[in-house]
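Read the structure below first, then the notes.
In this text the structure is predicted, and so the values were computed from the model without any measurement. So you know, we letter chains A, B, ... as the sequences are listed, proteins then strands, and number each from 1.
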Number of protein chains: 2
Amino acid sequence: MAALKSSKSGKRERLVEAALELAYRDGFQAASIADIAKEADVPVGNVYYYFKTRDQIGDAVIDARMAQFESLRGRLEKLATPKERLVAFIDMTVGNQETVAARGCPFGSLAAEFLKLGGHLAGKARPMLADPLEWMEAQFRQMGVGDAAFACAVHLEAGLRGVSLLTQCTGDPKLMEIEAAQLRAWLDTL
Amino acid sequence: MAALKSSKSGKRERLVEAALELAYRDGFQAASIADIAKEADVPVGNVYYYFKTRDQIGDAVIDARMAQFESLRGRLEKLATPKERLVAFIDMTVGNQETVAARGCPFGSLAAEFLKLGGHLAGKARPMLADPLEWMEAQFRQMGVGDAAFACAVHLEAGLRGVSLLTQCTGDPKLMEIEAAQLRAWLDTL
DNA sequence: GTCTATACGGCGATAGAC
DNA sequence: GTCTATCGCCGTATAGAC
């Protein structure tokens with residue numbers, strides 16, 4: 001599929017990476033085309049060769065984030081038990097604590113912004129949190145909690161996304177550890 | 001303090017209310033001065049008589065939200081026990097489920113946007129989530145959980161803010177009830 | 001105090017040379 | 001494919017009539 005675009009210069013990839021970086025740091029709306037082009041070291045006017053409209057950059061940003069979750073999911077699937085996979089998800093989130101304190105949840109903060117933006121991008125942003133929720137539900141189901149699987153998934157993801165927001169708001173990375181410890185303990189009671 | 005401004009027309013109040021409404025619905029950045037003025041039924045140019053800069057409208061928006069929390073806190077203080085107060089806080093959040101599904105958490109979504117906006121407004125937005133956290137910690141301390149009070153506060157607020165984000169993302173108000181039930185049950189174990 | 005008109009800048013997007 | 005130059009619009013903010 002990469003072969004459909006003949007360019008080997010990797011400019012499109014650099015633009016997407018730059019846009020994701022800036023959208024995560026300052027918000028997608030705050031990042032102008034010029035900002036993104038500068039960050040990617042690509043001449044401004046050239047951007048419109050790769051993207052017909054600014055919204056399409058937003059599409060690519062969401063796709064890039066979703067690809068990161070897919071990659072993570074792939075790695076987690078190699079673990080033996082569903083509980084190990086859920087704990088690894090928690091650990092991985094906590095491992096990001098410094099970045100979360102500075103910029104917020106990589107998925108939640110982007111999703112929140114796109115949701116408020118409305119239009120086409122709002123719908124496209126939904127899977128950023130909904131797909132992890134479904135994945136967690138599947139893990140809990142495999143753990144044998146039965147009908148409680150969905151509620152458990154809601155509890156786990158809510159705790160993680162919520163504490164990420166609190167961490168960003170207070171600027172204190174320790175909050176991530178505090179909540180993670182409680183969530184792990186709760187997992188052990190199931 | 002209201003007497004410092006002689007105007008009785010209430011235009012400033014209408015502007016702030018309109019700005020809060022639009023900031024909550026579409027995001028503060030998306031709401032232009034013209035949009036706010038139109039929503040408040042105030043001529044555009046007149047806005048700059050009440051606010052020297054756009055940022056000052058942001059200040060007023062944050063103040064208005066904070067005042068809502070102060071009002072809620074005042075009502076909750078009338079309840080007899082700390083656990084009743086915490087449960088009432090949960091109930092009140094769930095009672096907002098339809099609005100949360102459509103627009104997100106009234107405090108969290110605003111705080112998240114202002115935090116990414118950076119500058120002066122980012123710092124001013126922090127108490128929107130930090131003050132409730134402190135209040136919750138005080139309640140837990142009164143419940144006699146000792147050193148766990150802070151961790152409990154983190155767990156409760158993270159759960160509520162997190163499920164609000166999930167609710168907005170999925171569009172399903174039921175998630176609020178599901179998580180609230182789990183948080184109430186957890187409260188009962190303390 | 002209230003409002004109109006407008007200055008000014010930055011943005012997304014386009015045209016077209018190379 | 002790559003890049004420069006520029007258009008047109010809409011945003012904040014101001015000047016000044018009433």
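With hydrogens and angles left out, the side-chain atoms of B/Glu77 and B/Trp135 include a donor and acceptor closer than 3.5 Å.
Atoms CD1 (B/Ile57) and P (D/dT12) sit 8 Å apart, rounded to a whole Å. Distance NZ (B/Lys52) to P (D/dT12): 18 Å, rounded to an integer number of Å. Between the CG atom of A/Leu22 and the P atom of C/dC11 there is a distance of 13 Å, given to the nearest Å. In this structure, CG of A/Asn46 is placed 6 Å from P of D/dT2, rounded to the nearest angstrom. Rounded to whole Å, atom P of D/dC18 lies 20 Å from atom OH of B/Tyr49. Residue A/Lys38 contributes atom NZ, which lies 16 Å from atom C1' of C/dC11 at whole-angstrom precision. In this structure, the OH atom of A/Tyr48 is 20 Å from the P atom of D/dG1, given to the nearest Å. Distance, B/Arg14 CZ to C/dT2 C1': 13 Å, rounded to whole Å.
OP1 or OP2 of C/dT2 sits under 4.0 Å from a side-chain N or O of B/Tyr50. Proximity of A/Thr53 to the phosphate of C/dG12: no side-chain N or O atom is located under 4.0 Å from OP1 or OP2. Considering only side-chain N and O atoms, B/Ser32 lies nowhere under 4.0 angstrom from the phosphate OP1 or OP2 of D/dC10.
Residue B/Pro43 places its side chain closer to C/dT4 than to any other of C/dT4, D/dT4, C/dG12.
The two residues B/Pro106 and B/Val100 have their closest heavy-atom pair at CD-CG2, 4.4 Å.
The nearest heavy atom of DNA chain C to A/Gly45 and to A/Asp35 marks one nucleotide each, and the one closer to the 5' end goes with A/Asp35.
With salt bridges taken as basic N to acidic carboxylate O contacts below 4.0 Å, none links B/Glu177 and B/Arg184. Classification of A/Glu137 and A/Arg141 as a salt-bridged pair holds, one side-chain N sitting under 4.0 Å from a carboxylate O.
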